[in-house]
Amino acid sequence: MAAHLSSGRVNLTALREAGRRELREFLDKCAGSKAIVWDEYLTGPFGLIAQYSLLKEHEVEKMFTLKPGRLPPADVKNIIFFVRPKLELMDIITDNVLREDRGRSPQRDFHILFVPRRSLLCEQWLKEQGVLGSFIHREQYSLDLIPFDGDLLSMESESAFKECYLESDQTSLYHAAKGLMTLQALYGTIPQIFGKGDCARHVANMMIRMKREFPGSQNSIFPVFDTLLLLDRNVDLLTPLATQLTYEGLIDEIYGIQNTYVKLPPEKFAPKKQGEGGKDLPTEPKKLQLNSAEELYAEIRDKNFNAVGSVLSKKAKIISAAFEERHHAKTVGEIKQFVSQLPHMQAARSSLANHTSIAELIKDITTSEDFFDNLTVEQEFMSGIDTDKVNNYIEDCIAQKHPLIKILRLVCLQSVCNSGLKQKVLDHYKREILQTYGYEHILTLNNLEKAGLLKPQTGGRNNYPTIRKTLRLWMDDVNEQNPNDISYVYSGYAPLSVRLAQLLARPGWRSIEEVLKMLPGPHFEERQQLPTGLQKKRQQGENRVTLVFFLGGVTYAEIAALRFLSQMEDGGTEYIIATTKLINGTTWIKSLMEKLEPAPF
């Protein structure tokens, strides 16, 4: 079931269609029957662009996962490798090609499709291994921005943050700029660009340069977006570290959502049959797709988890009342009417059953003592309590050897909320972590410091209280049931990134110049000239459309906060969200962890 891709005035289906068209064109070049060998990381993102049926229409008969050794037998004319341009994958492909039985007839043709760009380095590598000549078609498929939902695009580049901030590798920024150019080709030039951060500046510069270098890219499409806001993740390092408290955010924190799918423990989903005593409990995880095509999910995904229970019980009453109607259906007309509504009612009932089960799973965790203690410490740090000394709870967690990522999230959160830690506090934490979890983690601590997450306080000043007060990042009287402010997504903390978007729309960034200077990187504004006749005359009551692009990742809680702003009666702005990757604190810290492999002797 594909998601509805239109949110308000913006319809992202055109982007998906463009992706499908490019795929069809490539498949048609490889005439005859085909087998696709997938780089496993790409199967999820591709599934959001093209269903298997599209591949089947173009004679794709088999699909395999890329792994070393001989390719599985397949009676096809073409073998197509769909891969990211990574050298370690080139080694596997080389192995596959060299083990191909040259004596077989008919011979199979090899092709390679690089996603999202061809790489000279990879092709050189294949050449050195002596297999480059085996590929008839070597092409690229520019899968830059993938539509995840009606208002959400992601590049799903899992290492973008690490590459930009630790390795000074700007490849993902180039892909972001290319993705934005594709978007402008489909939806018109975006007249206003605002940005904050070094990466944002780079992307804007590349877009301006690309536009200059390809004068033909100026199109005569009436612009759909009024504004583009480019935000560096390191402008707001705090938000992803905190535990998200929306329904979707908690599902992601606890189970992890991959390309709109989540895998859940199966026992809650077993059908309850009388008298069997649950002897055949399923063992396979339950896999569900989560997007706004499902009515109930669209309604509850962005609510604070404490407000979800009451919605589910209301829905249960409505659904059982609807099923009761069948007893009142007397005439043929009434019975027909009931039967025609049955599929929709059954879908609603199974959707309700699924979400009731998920909510129960989450509630088991959120009502635990450990969850409460962890959240209490997070909220103390975010509201500015005791951020400058060693925290007892963190020390206890280290002593009890809680998962390392949990410790790192808390220590980084404390550091960010204190503009860095005093040297002796920092040294104390580092020593405790290394002694408890092993000295191999010294590289991880080093990475966290380089990224600005866990660092000594320089200049002896803590700017966070000023930033917190000016931007109203901490709200004491938060209403979780009927929110009136974005801070409901973290039960008190308003995501800094989303506050910046909110203040840009009204009253404008001039009102917060001083705070912007305290945050890392430049802030800027660019205007892109529109051809005459395409300037917008806004109708009375028509919303502005802003595309917010998070460079380095975005959390579901931030997305929920932006959706909340889009739905505000007097908001006047509708937000579409784009990002290099959908992240949470755990996946984000994981991407910065170094694995020290033991020496191979």
Side-chain angles (χ1 to χ4, degrees), residues 7 149-152 239-240 242-255 257 262 264 268 288 290-321 348-369 371-372 374-376 378-379 382-383 472-495 497-499 502 554-571 575 577 582 584-585:
S7 97
D149 219 314
D151 55 358
L152 179 60
T239 299
T243 303
Q244 308 171 68
L245 296 174
T246 56
Y247 181 55
E248 185 166 41
L250 276 165
I251 295 175
D252 189 42
E253 292 276 358
I254 298 166
Y255 298 107
I257 300 172
V262 65
L264 298 153
K268 279 267 192 231
L288 292 174
L290 302 172
N291 62 36
S292 58
E294 184 185 359
E295 231 171 277
L296 175 59
Y297 188 62
E299 186 180 334
I300 60 177
R301 67 193 304 179
D302 301 318
K303 290 189 182 304
N304 183 294
F305 184 62
N306 288 335
V308 169
S310 58
V311 177
L312 293 176
S313 57
K314 258 191 221 124
K315 283 275 183 265
K317 288 189 185 105
I318 293 169
I319 288 169
S320 62
R349 184 160 65 181
S350 97
S351 166
L352 178 71
N354 283 339
H355 287 292
T356 305
S357 296
I358 299 174
E360 284 170 7
L361 285 166
I362 292 175
K363 196 168 179 213
D364 289 346
I365 287 165
T366 57
T367 50
S368 69
E369 201 176 328
F371 186 87
F372 178 79
N374 188 75
L375 192 62
T376 306
E378 283 185 14
Q379 300 212 328
M382 291 190 290
S383 56
R472 303 195 342 276
L473 298 184
W474 185 258
M475 309 292 272
D476 279 319
D477 46 349
V478 67
N479 183 341
E480 294 171 343
Q481 303 294 329
N482 297 303
N484 53 7
D485 179 74
I486 57 171
S487 53
Y488 82 91
V489 299
Y490 286 98
S491 294
Y493 164 71
S497 54
V498 183
R499 260 299 183 251
Q502 186 180 10
V554 69
T555 62
Y556 286 105
E558 288 168 297
I559 294 167
L562 284 165
R563 285 181 180 142
F564 175 79
L565 293 179
S566 293
Q567 284 155 8
M568 273 167 66
E569 286 302 307
D570 57 346
Y575 292 96
I577 301 121
L582 291 158
N584 60 45

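As the structure is a prediction and not an experimental result, all values here were calculated from the model.
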Review point. Where the side chain of Asp149 meets the backbone of Ser292, is there a donor-acceptor pair that is under 3.5 Å apart?
Key: yes
Exercise for review: Of all the heavy-atom pairs spanning Ala560 and Asp302, show the shortest one and how long it is.
Suggested key: CB-OD1, 3.4 Å
Revision key, fill the gap. Residues at least two apart in sequence or cross-chain that pass salt bridge (charged side-chain N to carboxylate O under 4.0 Å, His left out) with Glu360, listed by chain then number, are Lys268
Practice item. May I ask you to decide if Tyr490's main-chain N or O and Gln379's side chain share a donor-acceptor pair within less than 3.5 Å? Key: yes
**Study point:** Any Ile251 side-chain heavy atom under 4.5 Å of Ile362 side chain
**Key:** yes
Practice item. Give a yes or no on whether the backbone of Ile257 and the side-chain of Asp252 come within a donor-acceptor separation of less than 3.5 Å. Key: yes
Check your understanding: If you round to the nearest 0.5 Å, how far is CG of Leu288 from CG of Asn354?
Key -> 5.0 Å
Exercise for review: Calculate, to the nearest 0.5 Å, the distance between atoms CD1 and CG belonging to Ile559 and Asp151 respectively.
Suggested key: 8.0 Å
Exercise for review: Please round to the nearest 0.5 Å and tell me the distance separating atom CD1 of Ile358 and atom CD1 of Ile300.
Suggested key: 7.5 Å
Exercise for review: Could you tell me which non-hydrogen atom of Val489 sits nearest to which non-hydrogen atom of Ala561, and how far apart they are?
Suggested key: CG1-N, 4.0 Å
Exercise for review: Under the side chain to side chain donor-acceptor pair (under 3.5 Å) rule, collect the residues that match up with Gln481, sequence neighbours excluded.
Suggested key: none
Review point. How many angstroms lie between atom CD1 of Ile577 and atom CG of Leu152, to the nearest 0.5 angstrom?
Key: 6.0 Å
Point to revise | Close side-chain approach of Thr239 and Val554, heavy atoms under 4.5 Å | key: no
**Study point:** Whether Thr246 side chain and Ala557 backbone form a donor-acceptor pair below 3.5 Å
**Key:** no
